[in-house]
Amino acid sequence: MNEYEHVEHGFGPICDAQSEILILGSMPSPKSRAAGFYYMHPRNRFWQVLDALYSTVESNTVGSNTVGSKTNGVNTNDIRTGAIKARESDGPRLPEASIAEKTAFLLAHRIALWDVLESCDIRGASDASIRNPVPNDIAGLIRHSRIHAVYATGRRAADLYRRYSEASLRDAEITVPLIALPSTSPANAAMSLPQLIEAYRCITLTEPTSGKP
């Protein structure tokens, strides 16, 4: 059995002022921490699910002379002005896209991506083993965006959010609904890819209902 180790999140959220929904995991897996990005285990189906739900993939050439705010190397002004073009998908292309392309995809579709925890003690990739959790500043992220709904990718992420994040949102007078979705991890082998796609379809349908000061 893996020994406990203290881990830090290691990379920031994907979000800008136009983001409308927030998808939260618990803590990046060892594969994701090594890659410095979200859901990078080759058998995690998160990117396959998004690829199926949205018919386009964003592409971008990131130049060194771009201006404006950037998230993971992608210029958000370029996304808004159409420099990042959508192309028709002819297969599961998002899972194979670069980090910059994945980031562009999320921002173009107004999806914010983060995790509930900034650090914790954990055995391997086992969410069930998490102890000594330190939460991220979810309230601060929501306050500077248009986020009106939060989706947790798995029961453990939802439980951690309710226990460690909801109080800070109440203190900030921020009201957003939490929707718990099934995990896309290979550990959730009971759910097929089509079942996950159907379960996640709600992220494309949410209407603004937030209350923010």
Roughly how far, to the nearest 0.5 Å, is [atom2] of [Y] from [atom1] of [X]?
{"X": "Ile138", "Y": "Tyr164", "atom1": "CD1", "atom2": "OH", "result": "14.0 Å"}
{"X": "Leu22", "Y": "Leu141", "atom1": "CG", "atom2": "CG", "result": "6.0 Å"}
{"X": "Thr153", "Y": "Ile179", "atom1": "OG1", "atom2": "CD1", "result": "13.0 Å"}
{"X": "Gln48", "Y": "Glu96", "atom1": "CD", "atom2": "CD", "result": "8.0 Å"}
{"X": "Glu166", "Y": "Thr175", "atom1": "CD", "atom2": "OG1", "result": "10.5 Å"}
{"X": "Lys102", "Y": "Phe37", "atom1": "NZ", "atom2": "CZ", "result": "7.0 Å"}

Handout entry: Residues in salt bridge (Lys or Arg N to Asp or Glu O under 4.0 Å) contact with Asp159, at least two apart in sequence or another chain
Key = Arg162
Handout entry: salt bridge (Lys or Arg N to Asp or Glu O under 4.0 Å) against Glu198, all qualifying residues, sequence neighbours excluded
Key = Arg201
Exercise for the section: Keeping the roles fixed (side chain from Arg33, backbone from Pro28), state whether a donor-acceptor pair exists under 3.5 Å. Expected result: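 Judged by distance alone, yes, a pair lies under 3.5 Å.
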Handout entry: Arg123 backbone acceptor or donor facing Ser129 side chain under 3.5 Å
Key =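 Yes, because the side chain of Ser129 sits within donor-acceptor range (under 3.5 Å) of the backbone of Arg123.
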Tell me the closest heavy-atom pair linking [X] and [Y], and the distance in Å.
{"X": "Arg45", "Y": "Met191", "answer": "NH1-O, 2.5 Å"}
{"X": "Ala139", "Y": "Ser168", "answer": "CB-O, 4.0 Å"}
{"X": "Leu196", "Y": "Thr184", "answer": "CD1-CA, 4.2 Å"}
{"X": "Leu169", "Y": "Val176", "answer": "CD2-CG2, 3.7 Å"}
{"X": "Ala112", "Y": "Ile147", "answer": "CB-CD1, 3.9 Å"}
{"X": "Asp127", "Y": "Ser26", "answer": "OD2-OG, 2.7 Å"}

Exercise for the section: Take Leu106 and Leu50 through the side-chain contact (heavy atoms from CB on, under 4.5 Å) test and state the conclusion after the steps. Expected result: CA-CA 9 Å; Leu106 293 167; Leu50 264 61; 3.9 Å; yes
Handout entry: Trace of the side-chain contact (heavy atoms from CB on, under 4.5 Å) decision for Glu8 with Glu118
Key = CA-CA 6 Å; Glu8 305 286 335; Glu118 188 276 329; 2.9 Å; yes
Exercise for the section: Compute the ring centroids of Tyr38 and Phe46, then answer whether they are less than 6.0 Å apart. Expected result: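 Centroid separation for Tyr38 and Phe46: 6.0 Å or greater.
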Handout entry: is_close_aromatic(His41, Tyr39), centroid dist under 6.0 Å
Key =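 No - the distance between ring centres of His41 and Tyr39 does not fall below the 6.0 Å cut-off.
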Handout entry: Trace of the side-chain contact (heavy atoms from CB on, under 4.5 Å) decision for Ile14 with Phe105
Key = CA-CA 11 Å; Ile14 306 301; Phe105 173 91; over 6 Å; no
Practice task
Following the transitive rule for hydrophobic clusters with a side-chain heavy-atom cut-off under 4.5 Å over Ile, Leu, Val, Met, Phe, Trp and Tyr, establish whether Phe11 and Val134 coincide in one cluster.
Solution key: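 In one cluster: no.
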Exercise for the section: Following the transitive rule for hydrophobic clusters with a side-chain heavy-atom cut-off under 4.5 Å over Ile, Leu, Val, Met, Phe, Trp and Tyr, establish whether Tyr4 and Ile130 coincide in one cluster. Expected result: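 No, because Tyr4 and Ile130 fall into different hydrophobic clusters, even though each may have its own neighbours under 4.5 Å.
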Practice task
Please examine the side chains of Asn132 and Cys120, heavy atoms only from C-beta on, and report whether any two atoms are closer than 4.5 Å.
Solution key: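 No, every pair of side-chain atoms sits at 4.5 Å or beyond.
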Handout entry: Minimum side-chain heavy-atom gap Ile21-His148 below 4.5 Å
Key = yes
Practice task
Consider only side-chain N and O atoms of Asn136 and His9, and report whether a donor and an acceptor are under 3.5 Å apart.
Solution key: no
